[in-house]
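This report refers to the structure that appears directly beneath it.
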Amino acid sequence: MAEIFLPCLCLVTDRYQCVNRPLEEVVAQAVKSGAGMVQLREKDLPAGQLLALARRLRHITLGKALLFVNDRIDVALACEADGVQLGEEGLPLDAARGVAGERLILGRSVHSVEGARTAEAEGADLLTVGTIFRTQTHPGADVAGVGLLERVRDAVDIPFLAIGGVDSTNIDKVMGSGASGAAVITAITRSADPEAATTELAEKMKGSWVNASISVLERPA
């Protein structure tokens with residue numbers, strides 16, 4: 001099983017949000033500039049096309065960033081991805097582990113402290129927690145705010161990424177609330193310069209992670 005290096009900036013793909021640029025081009029720029037994980041999430045693609053795209057992204061990310069596939073364990077295994085991201089109502093984690101064994105990191109998307117606790121107890125390796133801020137891709141989603149991150153931080157021991165409207169203006173709040181990183185879409189894909197946008201996000205994430213770690217260490221007992 002691959003190792004997750006923290007803090008982690010994850011690019012979640014959406015080829016419709018790439019401003020008429022090839023998805024592979026945007027992914028390559030993000031990986032080059034500090035994205036430590038790419039989650040392939042193209043739900044409308046049939047399996048054959050999804051696998052072909054996954055293999056192209058595996059070529060881009062290999063040795064540089066983790067590659068996760070959303071929901072499709074079969075595609076993740078076939079393209080030799082590092083992990084699979086399962087929805088909160090998706091495949092049970094024990095069933096996923098039975099298929100993937102130790103070949104894949106199992107991520108679970110959650111929207112509550114209870115969901116986070118359950119996912120950890122059932123064997124998730126990594127959580128994605130949201131929706132934290134208002135987001136262009138899910139405009140009608142309930143917004144939890146960073147308070148949810150603080151509660152999840154106090155409830156589980158496994159790493160978790162924040163998702164939903166995270167960008168360079170608020171990633172410091174995300175990291176200061178205990179997240180191990182962030183998953184973003186449009187903050188990178190819709191940027192006029194995905195490379196520069198990723199660099200800025202990664203640098204702010206790492207700076208806030210250091211500051212958050214120091215503040216925890218200095219907190220009175």
Side-chain angles (χ1 to χ4, degrees), residues 6-21 23 26-27 29-30 33-44 68 70-71 85-90 107-119 124 126-156 159-209 211-212:
L6 302 177
C8 181
L9 178 62
C10 174
L11 170 62
V12 181
T13 75
D14 184 339
R15 66 193 192 282
Y16 298 115
Q17 298 289 336
C18 290
V19 200
N20 297 318
R21 294 169 296 202
L23 175 61
V26 174
V27 169
Q29 290 184 45
S33 307
M37 180 186 298
V38 174
Q39 182 193 143
L40 174 57
R41 187 170 73 178
E42 303 293 336
K43 296 182 179 181
D44 62 326
F68 276 47
N70 191 72
D71 277 332
Q85 184 69 26
L86 303 169
E88 194 161 32
E89 302 300 324
R108 175 71 93 187
S109 299
V110 300
H111 303 86
S112 67
V113 174
E114 181 181 356
R117 286 198 183 105
T118 298
L126 174 71
L127 304 177
T128 301
V129 181
T131 302
I132 304 306
F133 305 109
R134 297 202 178 278
T135 171
Q136 298 179 46
T137 53
H138 295 87
D142 293 333
V143 175
V146 295
L148 175 59
L149 301 176
E150 295 171 348
R151 295 191 294 275
V152 170
R153 174 198 63 200
D154 295 336
V156 302
F160 63 93
L161 309 182
I163 193 169
V166 180
D167 59 26
S168 61
T169 69
N170 56 35
I171 196 168
D172 57 332
K173 297 178 182 177
V174 163
M175 301 307 296
S177 299
S180 306
V184 305
I185 304 176
T186 58
I188 292 175
T189 62
R190 294 194 64 82
S191 171
D193 187 342
E195 189 172 333
T198 305
T199 298
E200 182 180 16
L201 279 165
E203 289 179 350
K204 288 189 174 183
M205 177 189 70
K206 291 175 183 176
S208 299
W209 169 263
N211 292 336

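The residues of the chain are indexed from 1 along the displayed sequence. Just so we're clear, the structure is a prediction, and the values are computed from it rather than from any experiment.
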Would you mind reporting whether [Y] and [X] have side-chain heavy atoms less than 4.5 Å apart?
{"X": "P194", "Y": "R21", "answer": "yes"}
{"X": "Q39", "Y": "N70", "answer": "yes"}
{"X": "V166", "Y": "M205", "answer": "no"}
{"X": "V129", "Y": "L161", "answer": "no"}
{"X": "F68", "Y": "R41", "answer": "no"}
{"X": "T189", "Y": "V19", "answer": "no"}
{"X": "I132", "Y": "V143", "answer": "no"}
{"X": "D167", "Y": "F133", "answer": "no"}

Nearest heavy-atom neighbours spanning [X] and [Y]:
{"X": "T198", "Y": "A30", "result": "CG2-O, 3.3 Å"}
{"X": "G164", "Y": "T131", "result": "CA-CG2, 3.8 Å"}
{"X": "G178", "Y": "R153", "result": "CA-CD, 3.7 Å"}
{"X": "G165", "Y": "N170", "result": "O-ND2, 3.1 Å"}

Can you measure from [atom1] ([X]) to [atom2] ([Y]) and round to the nearest 0.5 angstrom?
{"X": "L201", "Y": "L9", "atom1": "CG", "atom2": "CG", "answer": "5.5 Å"}
{"X": "T13", "Y": "I188", "atom1": "OG1", "atom2": "CD1", "answer": "11.5 Å"}
{"X": "W209", "Y": "C8", "atom1": "CH2", "atom2": "SG", "answer": "10.5 Å"}
{"X": "L11", "Y": "S33", "atom1": "CG", "atom2": "OG", "answer": "11.0 Å"}
{"X": "L126", "Y": "L6", "atom1": "CG", "atom2": "CG", "answer": "8.0 Å"}

For residues 193-204, pull every pair meeting salt bridge (charged side-chain N to carboxylate O under 4.0 Å, His left out), keeping only residues two or more places apart or in separate chains.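 Residue pairs passing salt bridge (charged side-chain N to carboxylate O under 4.0 Å, His left out), neighbours aside: K32-E195, E200-K204.
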Contacts of R15 that satisfy salt bridge (charged side-chain N to carboxylate O under 4.0 Å, His left out) - sequence neighbours left out: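 For R15, the residues satisfying salt bridge (charged side-chain N to carboxylate O under 4.0 Å, His left out) (neighbours in sequence not counted) are E42, D44.
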Side chain to side chain contact (heavy atoms under 4.5 Å, CB included) partners of I163, counting only residues at least two apart: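 With sequence neighbours excluded, I163 shows a side chain to side chain contact (heavy atoms under 4.5 Å, CB included) to V12, T128, A183, given in chain and number order.
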What pairs of donor and acceptor atoms, side-chain ones from residues 107-116 against any protein atom, are under 3.5 angstrom apart with sequence neighbours left out?
from : atom 1 : to   : atom 2 : distance (Å)
R108 : NH1    : G87  : O      : 2.4
R108 : NH1    : L91  : O      : 3.3
R108 : NH2    : L91  : O      : 3.1
S109 : OG     : Q85  : NE2    : 3.0
H111 : ND1    : E88  : OE1    : 2.8
S112 : OG     : G115 : N      : 2.9

Please confirm whether the backbone N or O of G207 pairs with a side-chain atom of D172, one donor and one acceptor, at under 3.5 Å?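 Answer holds: no.
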